Protein chains: 2
Amino acid sequence: MSLIDQISDQAPALTPSEKRLVENVIERPTAAALGTAGELARAAGVHEATASRLAKKLGFDSYAAFRDALRDEFIATRETATRFEKTIAESSSDTILGKLARDEAQALGRIEEFINPDQIAEIAVMLMNANRIYVYGYGNAEVLALMMVKRFRRFGKAVHQLDTDPRGLAEQMLGLGTGDVVLSFAFRRAPRGYAALIETAREAGATTIMISGKSGALLAPGPDHILAAPRSGDPDAFQTLTVPMTVCNAIIIAAGLTAKEKSLKMLDRLGQLIERFE
Amino acid sequence: MSLIDQISDQAPALTPSEKRLVENVIERPTAAALGTAGELARAAGVHEATASRLAKKLGFDSYAAFRDALRDEFIATRETATRFEKTIAESSSDTILGKLARDEAQALGRIEEFINPDQIAEIAVMLMNANRIYVYGYGNAEVLALMMVKRFRRFGKAVHQLDTDPRGLAEQMLGLGTGDVVLSFAFRRAPRGYAALIETAREAGATTIMISGKSGALLAPGPDHILAAPRSGDPDAFQTLTVPMTVCNAIIIAAGLTAKEKSLKMLDRLGQLIERFE
DNA sequence: ACCATTCTGCAAGACATCTTGCAATCAAAA
DNA sequence: TTTTGATTGCAAGATGTCTTGCAGAATGGT
């Protein structure tokens, strides 16, 4: 039974004070979902105790239970999860491929909680306006580095993939200057030579961008811009590059759109971009 | 200053326990935004007091203030003007990133309709038993080729990434013999030199494996084994490597499991494989 | 090995929030 | 008007949550 039903059932039996409380809840459900009984009562101009009694009257064990129901109903956190869970539920099997696909889809469903569209657009513009782009990825991340190098080369940008050995890296960094952008990847831990990379870039006046898993926020020194989203649901599981790759793809698409006439609605044009991408 | 900035500023000064807390917050921000200090602490496996101290260390007056900041950042409340944009972005997930994530999740959900678990296991065994592995990927597929090369090298296999230019390719194929496996990728169209590759492999007695999108079935001459699954739902959309990458990951995991004691249940062991993979 | 320092759990208590018995108030019916 | 019953605020106490001094453990430097 939904929360609204639960309230409706009781509606005729509500007292004036309780009605004021309910009106208040309906008017600003998220505020009620986050606040305390006292706050709601004050907003409705009634006593705290009345709020407590209302919760019971509506069939909840306590005011806390009532608030939890409000959270389930009005706070965005769960809707996104369930939306994606539906997609996955059908393919519930205990095979490696099935489990993997499910985990990935789940992680993808949560991307938007961590990265907002403005960041994607901002970074796409940054890359397209860069003088030169330096891409750095060590270990598994080299795969993504290669992908970005390929894509942005096709956009006509000057792109350099940085070596992973310290000596080569140092040599390549010599040319770094203002207007350049360093795009780097880090998962689980900071890549070898990471600190030196960021510091050098900063000294040279280049912008640093980091795409990472959940560990991103912990990196020191911090990059100028960071896109961090956790990978597959279970941190103890084999972690893949699906989530960061999707972030990269979003950047690529955004960059592609930036490059063309900006007047057209973005999503309408996705389809038209195939030839440029493939 | 955003919350992430605030955390990043302090990142180098964080203690192990505090890092665990921060990781937990980053991983499930909405949970942290709604819950209590004690709940967060329990989830991170540290003492409640540490959570309280962390909030202060990050520059907040109290844990409550920290939680309020989390709410501002991660919970879409529909009232205030400042959060208007965030709400729009979330509710109508018509952003590039959101649409992309949804499409990918959908495509992943359908993988199992096209590829069955036995095929994955069979190919994993084939690769692990191969004398030498030759990996061929042209264009965007080179990204996946690189990934497979890296992973199987780490398994101790002899892996060669084949050149994409005809001359280099021809030279590298000279060593091909019985017991070798050629793993190749093809999306949209057959890669350059594909026919020659397959024919040469067949003459040399090597096994050929193809990972592809839905066009795979049309390839001529056909490979010995094929894993084909369609990519993102809309064939006219920008197509990514997410689905084939997930297939590759499944093969990698299966290969990893094959290599160790086979008596243990496969899925139970997924978690234990981290160190071998990262 | 020793010392200094930092970290972290414990537990007490401070603080916030919720619940409930009680009494005052109000409205409707006798 | 009086009576009855429901409603509501009050305030005490119950419960939940956060903070902080302290001491033992861990860490790093000498």
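By convention in this document, chain letters (A, B, ...) are assigned in the order of the sequence lines, proteins followed by strands, and residues within each chain are numbered from 1. If you're wondering where the values come from, they're calculated on a predicted model, not measured in any experiment.
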OP1 or OP2 of [N] under 4.0 Å from side-chain N/O of [X]:
X       : N      : result
A:Ser52 : C:dC18 : no
B:Arg67 : D:dT17 : no
B:Thr15 : C:dT8  : yes
B:Thr50 : C:dG9  : yes
B:Arg53 : D:dC18 : no
B:Lys56 : D:dC18 : no

From C-beta outward on [X], which listed nucleotide comes closest to its side chain: [options]?
X       : options                : answer
B:Ala37 : C:dA11, D:dC18, C:dT20 : D:dC18
B:Ala49 : D:dT20, C:dC7, C:dG9   : D:dT20
A:His47 : C:dT8, C:dG9, D:dA11   : D:dA11

- Task: If the plane angle is over 60° it's perpendicular, under 30° parallel, otherwise tilted; pick one for A:His160 and A:Tyr134.
- Result: parallel
Interatomic distance, [X] [atom1] vs [N] [atom2] [rounded to whole Å]:
X       : N      : atom1 : atom2 : answer
B:Arg20 : C:dT8  : CZ    : P     : 10 Å
A:Asp68 : C:dC18 : CG    : P     : 11 Å
A:Lys57 : D:dT8  : NZ    : P     : 8 Å
A:Arg42 : D:dG9  : CZ    : P     : 14 Å
B:Glu48 : C:dT8  : CD    : C1'   : 13 Å
B:Leu58 : D:dT19 : CG    : P     : 13 Å
B:Tyr63 : D:dT19 : OH    : C1'   : 14 Å
A:Leu54 : C:dT20 : CG    : C1'   : 16 Å

[X] side chain to [Y] backbone, donor-acceptor under 3.5 Å:
X        : Y        : answer
A:Asp224 : A:Thr208 : yes
B:Arg20  : B:Val46  : no
A:Arg132 : A:Gly175 : yes

- Item | Minimum heavy-atom distance between A:Ala201 and A:Leu176, given as atom pair plus value | CA-CD2, 3.5 Å
